Undergrad: 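Can you keep this structure in mind? I'll have questions shortly.
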Amino acid sequence: MPFLSGLKKTFLITKPIAIGIKHKVKMKLELKKYTAQIEEWPKEGYHIMAQYDDDKIIVYQSYRKEIGEFAVKNQYFGGAFSLERMTWIKPNFLWMMYRNGWGTKEGQEVVLAIHLKRDAFETYLQHAVYSSFNQVEGMTREEWQNEVKSSNVRLQWDPDHDPYGTKLERRAIQIGLRNEFIKTFAKEDILLIEDISDFVAHEYENVKNNTLEKLMIPAEKPLIFKDNELNKMLKIAI
């Protein structure tokens, strides 16, 4: 399939833009053609692929209607959302699409783009412990087990995926939060919660129709921190 160059396209929340279906979508996500982005993205290694600036980073989650609609209406997580269970956030859009089946899996129909404070995201990672010992470097299994017991942030690298769900050599990150971290995440760390379910459903048609040259997704690039020790702990390729 020919890879076509793509132009950046921004959907502003104050200006609804029709995207070729019966409804309109209002978003603050910056979009760019998938085929243009894969020419720029690293092909392998550990990378936090995300849309971000100095103040915020966008992460994704999917929920059933009751939880998702409450979050969008109130601009925080509450109601049926559990503060007692670990919640996982994902900054990589296509990894989220792999996980939720482009919003088609039961209980994951409402897809949320969460504009998160950049410093909060970095704080999560500074307190993170790898969720499995085989990803750990520089400590014994016993040391790792002790850290897992006391940590409230989990870190996991998984194979990234293309729009069809095929595994890639590049690794994608997901971060699990519990206890005090899930409480701050649910409310004070959030700048904006957007329901992007209609956008996801629209773009999924390009996946099903095998027209990836038309596929628009959030513009993403590798995130590298100023804290070199954090980059080293995360195994981020610099």
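Numbering starts at 1 and runs along the sequence shown. Quick caveat, the model's predicted, so the values are computed rather than measured.
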Undergrad: Looking at Arg154, I'd like to know if its CZ atom is crowded, meaning that more than 12 non-hydrogen atoms belonging to other residues, nucleotides or ligands lie closer than 6.0 Å.
TA: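 Count over threshold, so yes.
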
Undergrad: I'd like to know whether NZ of Lys208 has more than 12 heavy-atom contacts from other residues, nucleotides or ligands below 6.0 angstrom.
TA: yes

Undergrad: For Phe199 and Phe93, take the angle between the two ring planes, folded into 0 to 90°, and tell me which bin it lands in: parallel under 30, tilted 30 to 60, perpendicular over 60.
TA: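 Tilted: the ring planes of Phe199 and Phe93 meet at 30° to 60°.
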
Undergrad: Considering only residues two or more places apart or on different chains, which pairs with a residue in residues 112-125 satisfy side-chain hydrogen bond (donor to acceptor under 3.5 Å, both in side chains)?
TA: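 Applying side-chain hydrogen bond (donor to acceptor under 3.5 Å, both in side chains) to every pair that reaches into residues 112-125, excluding sequence neighbours, yields His115-Glu194, Tyr124-Asp189.
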
Undergrad: Taking all non-hydrogen atoms of both residues into account, name the closest pair between Gln37 and Ala219 and its distance.
TA: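 It is OE1-CA, 3.4 Å.
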
Undergrad: Using 0.5 Å steps for rounding, measure from the CD atom of Gln75 to the CD1 atom of Ile114.
TA: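 Result: 10.0 Å between the selected atoms.
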
Undergrad: First locate atom CG of Leu234, then atom CD1 of Ile48, and finally report the distance between them rounded to the nearest 0.5 Å.
TA: 5.5 Å

Undergrad: If you take all heavy atoms of Trp88 and Gln61, which pair is closest and at what distance?
TA: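 What the structure gives for the nearest pair is O-NE2, 2.9 Å.
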
Undergrad: A side-chain contact here means heavy atoms from C-beta on lying under 4.5 Å apart; do Met49 and Arg170 qualify?
TA: yes

Undergrad: Could you check whether atom NZ of Lys183 has more than 12 heavy atoms from other residues, nucleotides or ligands sitting under 6.0 Å from it?
TA: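 At most 12 heavy atoms, drawn from other residues, nucleotides or ligands, come within 6.0 Å of this atom.
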
Undergrad: In Å, rounded to the nearest 0.5 Å, how long is the span from CD of Gln108 to CE of Met97?
TA: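 The CE atom of Met97 is 9.5 Å from CD of Gln108, to the nearest 0.5 Å.
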
Undergrad: What is the minimum heavy-atom distance between Thr184 and Phe181, and which atoms define it?
TA: OG1-O, 3.1 Å

Undergrad: Please name all residues satisfying side chain to side chain contact (heavy atoms under 4.5 Å, CB included) with Thr104, sequence neighbours left out, ordered by chain then number.
TA: Tyr204

Undergrad: Looking at CG of Leu94 and NE2 of His161, how far apart are the two atoms once the value is rounded to the nearest 0.5 Å?
TA: 10.5 Å

Undergrad: Can you tell me how far apart CD1 (Ile58) and CG (Leu112) are? Round to the nearest 0.5 Å.
TA: 12.5 Å

Undergrad: Would you find more than 12 non-hydrogen atoms of other residues, nucleotides or ligands less than 6.0 Å from Gln126 atom CD?
TA: yes

Undergrad: Heavy-atom count check: over 12 atoms from other residues, nucleotides or ligands less than 6.0 Å from Lys73 NZ?
TA: no

Undergrad: Calculate, to the nearest 0.5 Å, the distance between atoms CG and CD1 belonging to Leu230 and Ile224 respectively.
TA: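 Going from CG on Leu230 over to CD1 on Ile224, the span is 11.5 Å.
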
Undergrad: Exactly one of Tyr76, Tyr63, Phe81, Phe77 should register a ring pair (Phe, Tyr, Trp, His ring centres under 6.0 Å) with Phe70. Which one does?
TA: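 By the ring pair (Phe, Tyr, Trp, His ring centres under 6.0 Å) criterion, Phe70 pairs with just one of Tyr76, Tyr63, Phe81, Phe77: Tyr76.
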
Undergrad: Between Leu116 and Ile89, is a side-chain contact (heavy atoms from CB on, under 4.5 Å) present by the stated rule, with each step listed?
TA: CA-CA 10 Å; Leu116 192 65; Ile89 58 175; 4.2 Å; yes

Undergrad: A side-chain contact here means heavy atoms from C-beta on lying under 4.5 Å apart; do Phe225 and Leu125 qualify?
TA: yes

Undergrad: Examine Lys221 relative to Tyr52 and say whether NZ or CZ is less than 6.0 Å from the centre of the six-membered ring and inside a 45° cone about the ring axis.
TA: yes

Undergrad: Do Lys90 and Tyr98 form a cation-pi contact, if we require the NZ or CZ to be under 6.0 Å from the six-membered ring centre and within 45 degrees of the ring's axis?
TA: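 Output no; distance or angle outside limits.
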
Undergrad: For atom NZ of Lys226, is the number of surrounding heavy atoms from other residues, nucleotides or ligands below 6.0 Å larger than 12?
TA: no

Undergrad: So which heavy atom on Trp95 is nearest to which on Asp158, and how close?
TA: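 Residues Trp95 and Asp158, closest heavy atoms: NE1-CB, 3.5 Å.
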
